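These numbers come from a predicted model, not from an experiment. Atoms within a ligand are numbered from 1 in the order they appear, just like the ligands themselves.
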Amino acid sequence: MTSANVSTQPSLAAADPEIAALIADENLREHETLRLIASENYASQAVQEAAGSVLANKYSEGYPGKRYYEGQQVIDQVERLAISRLQALFSADYHVNVQPYSGSPANLAVYAAFCKPGDTIMGLGLAAGGHLTHGHGVSVTGKWFHSVSYGVRESDHRIDLDAVRALAKEHKPKLLWAGTTAYPRTVDFAAFREIANEVGAIFAADIAHISGLVAAGEHPSPFGLADVVTSTTHKTFRGPRGGMIFCKPEHASAIDKAVFPGLQGGPHNAATAGIAVAAKEASTDAFKAYAKQVVVNAKHLAEKLVERGFRVITGGTDNHLILVDVTPKGIAGKPAAQALDRAGIVLNYNAVPFDPRKPFDPSGLRIGTPAITSRGMGIAEMDRLAAWIDLVCQSPSDEALLAKIAGEIKDMCNAFPAPGIRLGKGQA
Ligand SMILES: *Cc1c(COP(=O)(O)O)cnc(C)c1O
């Protein structure tokens, strides 16, 4: 592929040409392909500069004003700024912890704050679009706690709130999760609040995928309803990799202690600065327009796929992602995802609800619009995308066709420079 002579990082290229070349290659890959993995995005150059800064050199176990090491003159200000910006964006009534290393550690902190091993917890099952950390069997959250999963209705593939209520009444969970990774519809946080009240559970909303949409008012907010809200910072929110936890003030001490010293040592201060920058960006009109377009694009693409004979789960989408069963096209999810990758369309194969096929060879694809929308793509590009996906699914082993589509996609990508992508001389 490329080499260190196209690196835009001269110090790195001099010290470590191999890594510099690999980073240059990844820059190019992210530039010239359509990135449709629903959890991915493009962090801005500003976010990357903060997240890659000298702030990472500093140890600061503890919280602003209460640290275990000296020299926190700058770090305390960074962390306070991140917190106050997040409160301004989401809710001033919630305490904020920005120290979790990522989304999964943020969720573990919620368990550590409210549960003892063996306690009953409830979450959406993985096969229905839930996350591993909501009690799946291979996760410690399913091994160390008594996990009860709820699912989606067989008739319409929407979360079955009657079943959630019945299961909650039967099992009396200590902790009730509402949050999804592969669910194309809005989550009814108010209904979960009611159910949690009826059984005395702590209600935790995990908005890892949708926090950018929530910040922009493009998805109903769990704030004011949930006892705790967790999120990643790098999905629709478009920040650096990280996690954050919001909680009602009465839980602040339990959450803070669970994160440090319960689970972690020193916070990743450079990531905290990146989160502060992302929160500032998310308060702009440009971000609101992006979030709105993410949903418009997803709805439009879903419609076009339906028109082309794909089985779109729930018939469409309310958010940033589409779950589509490709088997009506005579192909399974995995070979479709692999052929699409060769054509420059990068997404993941995914089980669909009640999938008759195996998890490693499922029926569906998960398609997300956040990253391509961050590049400024809109309706016209969604039309082209639907046509390309259809062509590839019909002729997945026609390598000449895949190469031709990859070339067309490169041309289109050249017209939509992505935030934070730095190409070397001659790369585009
Ligand atoms: C992505 C995700 C997580 C985990 O985040 P990581 O940063 O990958 O650990 C947790 N919950 C949900 C709902 C997610 O989508």
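At the top of the distance list for atom 7 (O) of ligand 1, counting protein heavy atoms only, stands Ser102 OG, 2.4 Å. Here the protein heavy atom with the shortest distance to atom 3 (C) of ligand 1 is His131 NE2, 3.2 Å. Of the protein's heavy atoms, Ser104 OG, 2.6 Å lies nearest to atom 9 (O) of ligand 1.
Within the structure, ligand 1 lacks Arg241 among the residues with a heavy atom less than 4.0 angstrom away.
Side-chain contact, His219 with Asp318: no donor N or O sits under 3.5 Å from an acceptor N or O. For the residue pair Arg238 / Ser374, a side-chain donor-acceptor distance below 3.5 Å is found, with atom types taken as modelled. Between the side chains of Ser104 and Ser102, not a single donor N or O lies within less than 3.5 Å of an accepting N or O. With no hydrogens or angles considered, no side-chain donor-acceptor pair links Thr369 and Asn297 at under 3.5 Å. Side-chain atoms of Asn348 and Arg366 form a donor-acceptor pair, as typed in the model, at a separation below 3.5 Å. Side-chain polar atoms of Tyr42 and Arg375 form a donor-acceptor pair below 3.5 angstrom.
Distances from atom 5 (O) of ligand 1 to the heavy atoms of Asp206, Thr232, Ile210, Asn107 show the closest one on Thr232.
Applying the 4.0 Å criterion to heavy atoms of His234 picks out, from ligand 1, the atoms 7 (O). Less than 4.0 angstrom separates some heavy atom of Thr181 from each of these atoms of ligand 1: 12 (C), 13 (C), 14 (C), 15 (O). The ligand atoms of ligand 1 that sit less than 4.0 angstrom from a heavy atom of Ala208 are 2 (C), 11 (N), 12 (C), 13 (C), 14 (C), 15 (O). Of all atoms in ligand 1, listed by their number and element, those nearer than 4.0 Å to a heavy atom of His209 are 15 (O).
Residue contacts with ligand 1: Gly242 is placed with no nitrogen or oxygen under 3.5 Å of a nitrogen or oxygen of the ligand (distance criterion only).
Under 4.0 angstrom from ligand 1, the non-hydrogen atoms of Thr180 all belong to its backbone. The side chain of Lys235, and not its backbone, has at least one atom closer than 4.0 Å to an atom of ligand 1 (non-hydrogen atoms only; side chain from C-beta on).
Taking a cutoff of 4.0 Å between a charged side-chain nitrogen and a carboxylate oxygen, Asp361 and Lys334 do not qualify as a salt bridge.
One N or O on the side chain of Tyr63 and one on the backbone of Asp256 form a donor-acceptor pair closer than 3.5 Å.
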